[in-house]
Amino acid sequence: MLRPMTLEWEQIIVDSADPVALGRWWAEALGWVVVDESEEIIEIRPEPDRMPGLLFVPVPEGKASKNRLHPDFRPDDQEAEVARLLALGARRADAVGEEQHWVTLLDPEGNEFCVLSERKG
């Protein structure tokens, strides 16, 4: 009988033009803590010993197209959270349609993420 491998999700790597600035932005946006930082990289986590985290690393090329992977967040108050993220420096990616239950935003380097509406019932 084959036994499954034991995997622990440690982090997601985020390519960035300015990893430290982008990592600090996401730390503030998520209320996470910086657990490692140098001149070129920064790692943030929900709490110092809690995973997974985000590791921001430098790449020479800029973002060229839509993300292949993006996070969705479900806040208690979508409108307030969108306003808070916009005040931190996020930008709207598109207009919100009447039937659309999410708002797509861009972080300071143009990476997409969505803020979902509140759960119904």
Side-chain angles (χ1 to χ4, degrees):
M1 175 179 232
L2 294 174
R3 291 182 16 202
M5 296 289 292
T6 303
L7 295 175
E8 183 176 10
W9 183 0
E10 176 122 353
Q11 59 202 7
I12 292 177
I13 307 302
V14 180
D15 292 346
S16 176
D18 187 346
V20 174
L22 189 60
R24 289 191 171 282
W25 187 88
W26 275 104
E28 186 171 355
L30 297 171
W32 287 15
V33 296
V34 174
V35 296
D36 189 22
E37 181 177 349
S38 72
E39 289 182 18
E40 291 191 341
I41 63 123
I42 186 169
E43 182 181 359
I44 65 172
R45 293 184 186 170
E47 297 171 9
D49 296 323
R50 187 169 152 217
M51 295 184 278
L54 296 172
L55 177 64
F56 297 83
V57 300
V59 294
E61 68 279 353
K63 183 173 177 293
S65 65
K66 184 177 185 280
N67 294 10
R68 297 293 299 257
L69 171 75
H70 77 256
D72 286 349
F73 301 100
R74 188 175 307 275
D76 292 333
D77 182 338
Q78 180 190 44
E79 186 176 328
E81 192 60 25
V82 167
R84 184 184 75 84
L85 292 164
L86 291 171
L88 285 176
R91 299 180 320 273
R92 286 188 181 271
D94 55 15
V96 178
E98 284 185 36
E99 297 297 316
Q100 188 172 315
H101 300 288
W102 67 90
V103 177
T104 303
L105 298 177
L106 304 172
D107 74 11
E109 289 198 11
N111 299 301
E112 298 94 358
F113 64 100
C114 291
V115 181
L116 307 175
S117 63
E118 301 78 20
R119 289 193 191 277
K120 304 288 185 214

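All residue numbers in this chain count up from 1 along the given sequence. Both backbone and side-chain heavy atoms feed into the values below; hydrogens, waters and symmetry mates do not.
Between Arg24 and Val34 the shortest side-chain heavy-atom distance falls below 4.5 Å. Contact of the Asp36 side chain with the Ile42 side chain is not registered, since no non-hydrogen atoms from C-beta on lie closer than 4.5 Å. At a threshold of 4.5 Å between non-hydrogen side-chain atoms, the residues Gln78 and Ser117 count as touching.
Residue-environment remark: CD (Glu118) exceeds the threshold of 12 foreign heavy atoms within 6.0 Å. The 12-atom threshold is not exceeded at CD of Glu79, counting heavy atoms of other residues, nucleotides or ligands nearer than 6.0 Å. The local environment of CG in Asp76 is sparse, with at most 12 non-hydrogen atoms from other residues, nucleotides or ligands closer than 6.0 Å.
Ring geometry for Trp26 versus Phe73: interplanar angle of 30 to 60°, hence tilted.
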Worked verdict on Arg74 versus Glu81 for salt bridge (charged side-chain N to carboxylate O under 4.0 Å, His left out) = CA-CA 9 Å; Arg74 188 175 307 275; Glu81 192 60 25; over 6 Å; no
Using the salt bridge (charged side-chain N to carboxylate O under 4.0 Å, His left out) rule, take Arg45 and Glu47 through it: C-alpha gap first, then chi angles, then the decisive distance, then the call.
-> CA-CA 5 Å; Arg45 293 184 186 170; Glu47 297 171 9; over 6 Å; no
Start with the C-alpha gap between Met51 and Glu8, add the side-chain angles, then the distance that decides, and say whether side chain to side chain contact (heavy atoms under 4.5 Å, CB included) holds.
-> CA-CA 9 Å; Met51 295 184 278; Glu8 183 176 10; 3.0 Å; yes
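The backbone N or O of His70 lies less than 3.5 Å from no partner atom in the side chain of Asn67, so there is not a single donor-acceptor pair.
Nearest approach of Pro108 to Gly89, heavy atoms of both residues: CG-O, 4.4 Å. In terms of heavy atoms, Ile41 sits closest to Pro19 at CA-CB, 4.4 Å. The shortest non-hydrogen separation linking Pro75 to Leu116 is CD-O, 3.2 Å.
Summarising the geometry, atom CD1 belonging to Ile12 is positioned 9.5 Å from atom CZ belonging to Phe56; distances are rounded to the nearest 0.5 Å. The CD atom of Glu109 sits 9.5 Å away from atom CG of Asp15, with the distance rounded to the nearest 0.5 Å. Note that the CG atom of Leu54 and the CD1 atom of Ile13 stand 9.0 Å from one another [nearest 0.5 Å]. Here the CZ atom belonging to Phe113 is positioned 9.5 Å from the CG atom belonging to Asn111, to the nearest 0.5 angstrom. One distance of note links CD1 of Ile44 with CD of Glu37; it measures 11.0 Å at 0.5 Å rounding. Within the model, atoms CG of Asp107 and OG of Ser16 stand 8.0 Å from one another, a figure rounded to the nearest 0.5 Å.
No option in Arg68, Lys63, Arg92 other than Lys63 meets the salt bridge (Lys or Arg N to Asp or Glu O under 4.0 Å) test with Glu112.
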